[in-house]
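All residue numbers in this chain count up from 1 along the given sequence. Just so you know, ligand 1 is whichever comes first in the structure, and atom 1 is the first atom listed for that ligand. When reading the values below, keep in mind they use all heavy atoms of this one structure, side chains included, and skip hydrogens, waters and symmetry mates.
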Amino acid sequence: MLKTKKRIVIANWKMNPQTADDAWSLFSGIKKTASKLRFVHTIICPPATYLLDLSDSYRGKNISFGAQNIFWKEKGSFTGEISARQIHDAGARFVLVGHSERRALGETNENVWLKVKAALKERLHVILCIGESERDESGDYLHFLREQLESALNGVKAADLNRTIIAYEPIWAIGKTGEDAITPDKLHEMVLFIRRVLVERYNKTAIDTPIIYGGSVEKENAQGLLERGVVAGFLVGHASLDATEFSSILKIANETKAL
Ligand code: 13P
């Protein structure tokens, strides 16, 4: 089960860096800080080609590894796909499911649901990504988010919710600068909304489900988003590709006590 008292900071390297040497140096830089922090669980999600080497190189408890995607079938003729078992065997204990960049390439709510089920069956932890592309006055984006959440968790048992992290990543805030991220107050509203949807379905079990935020998290906005946004941690994109910047975010998370 996840230790919810620790902050969860996830590095999503996306399709970076371009060589194993560069991946190795980036990880070495991050490891210096991440391995020492008592109150942060760091999860590195590199491209699948680097997963085995990186995960093999680290034996401690403070850092884990995750994949950026899986396919829902267990095995067979699915050229180019990677199964939950295969990424587990390569050292991943976590997997991102439903990232907006994958949804933009055609992944549907049904595909996301199948991936959630496949990951949980393999005893992986799921990082379920949800997020609206834009906000409208009438609040339709809330229905959209509810639908993303409810469809992905359809049939998921309360016991398996313990291995699920919800990553709220509004698409309009991804890949910009810290100033374009959501404000802490707006983030807090979204956390309350997501928690309500979870509690409606899972009652008390959902009280501890970690809800994290992604979308232009940088060292400048990290503290405010954690403290006033009241999230359990972050899913970090571009700032996780710079070991110094990412280490600063990790240190801020370590010093900002989880509730
Ligand atoms: P940025 O931190 O680059 O905005 O990316 C967020 C993201 O998509 C992480 O999954």
Side-chain angles (χ1 to χ4, degrees), residues 7-18 23 26-27 30 34 40-48 50-51 64-70 87 92 94-107 112 115-116 119 124-135 141 144-145 148-149 152 164-184 186-187 190-191 194 210-226 229 231-253:
R7 294 291 189 192
I8 299 163
V9 182
I10 305 173
N12 178 9
W13 287 357
K14 307 189 180 182
M15 205 166 71
N16 304 292
Q18 299 310 306
L26 177 56
F27 178 61
I30 292 171
V40 178
H41 185 179
T42 303
I43 300 162
I44 308 288
C45 300
Y50 309 143
L51 200 46
S64 299
F65 293 85
Q68 297 176 13
N69 184 32
I70 48 162
I87 62 122
F94 292 76
V95 60
L96 295 171
V97 179
H99 193 282
S100 60
E101 287 155 12
R102 297 214 54 82
R103 293 180 191 259
L105 291 171
E107 196 164 290
V112 171
K115 291 180 180 193
V116 167
L124 292 164
H125 289 81
V126 169
I127 304 154
L128 173 62
C129 304
I130 60 166
E132 77 282 5
S133 55
E134 56 185 15
R135 293 196 162 197
Y141 69 95
F144 177 84
L145 288 171
Q148 283 191 331
L149 256 181
T164 305
I165 297 170
I166 309 297
Y168 171 59
E169 294 206 302
I171 298 170
W172 48 267
I174 293 179
K176 309 235 173 98
T177 67
E179 287 167 14
D180 303 302
I182 199 167
T183 62
K186 285 225 161 59
L187 178 57
M190 296 313 299
V191 171
I194 292 166
I211 300 173
I212 65 173
Y213 168 76
S216 299
V217 174
E218 295 181 348
K219 62 177 185 295
E220 287 76 15
N221 58 11
Q223 185 173 354
L225 289 169
L226 279 175
V231 281
F234 293 131
L235 178 50
V236 185
H238 64 268
S240 71
L241 297 174
D242 176 330
T244 312
E245 168 86 15
F246 190 61
S247 299
S248 302
I249 295 172
L250 292 174
K251 284 184 208 153
I252 291 166

Aromatic plane relationship, Tyr168 with Tyr213 - under 30° parallel, 30 to 60° tilted, over 60° perpendicular: tilted
What protein heavy atom sits nearest [atom], and how far off is it?
| atom | result |
| --- | --- |
| atom 2 (O) of ligand 1 | Gly237 N, 2.9 Å |
| atom 6 (C) of ligand 1 | Glu169 OE2, 3.5 Å |
| atom 5 (O) of ligand 1 | Lys14 NZ, 3.2 Å |

Candidate with minimal heavy-atom separation from atom 10 (O) of ligand 1, of His99, Glu218, Gln68, His238: His99
Sub-4.0 Å atoms of ligand 1 with respect to non-hydrogen atoms of [X]:
| X | answer |
| --- | --- |
| Ile174 | 4 (O), 5 (O), 6 (C), 8 (O) |
| Gly175 | 1 (P), 3 (O), 4 (O) |
| Gly215 | 4 (O), 6 (C) |

Close side-chain approach of Val231 to Leu226, heavy-atom, < 4.5 Å: yes
Side-chain donor/acceptor of [X] to backbone N/O of [Y], under 3.5 Å:
| X | Y | answer |
| --- | --- | --- |
| Glu220 | Gly178 | no |
| Asp242 | Ala239 | no |
| Gln148 | Gly131 | yes |

Using atom types as modelled, flag every donor-acceptor pair under 3.5 Å from a side chain in residues 169-176 to any protein atom, sequence neighbours excluded.
from: Glu169; atom 1: OE1; to: His99; atom 2: NE2; distance (Å): 3.0
from: Trp172; atom 1: NE1; to: Glu132; atom 2: OE2; distance (Å): 2.9
from: Lys176; atom 1: NZ; to: Trp172; atom 2: O; distance (Å): 2.5

Part of Asn12 within contact of ligand 1 (heavy atoms, under 4.0 Å): side chain
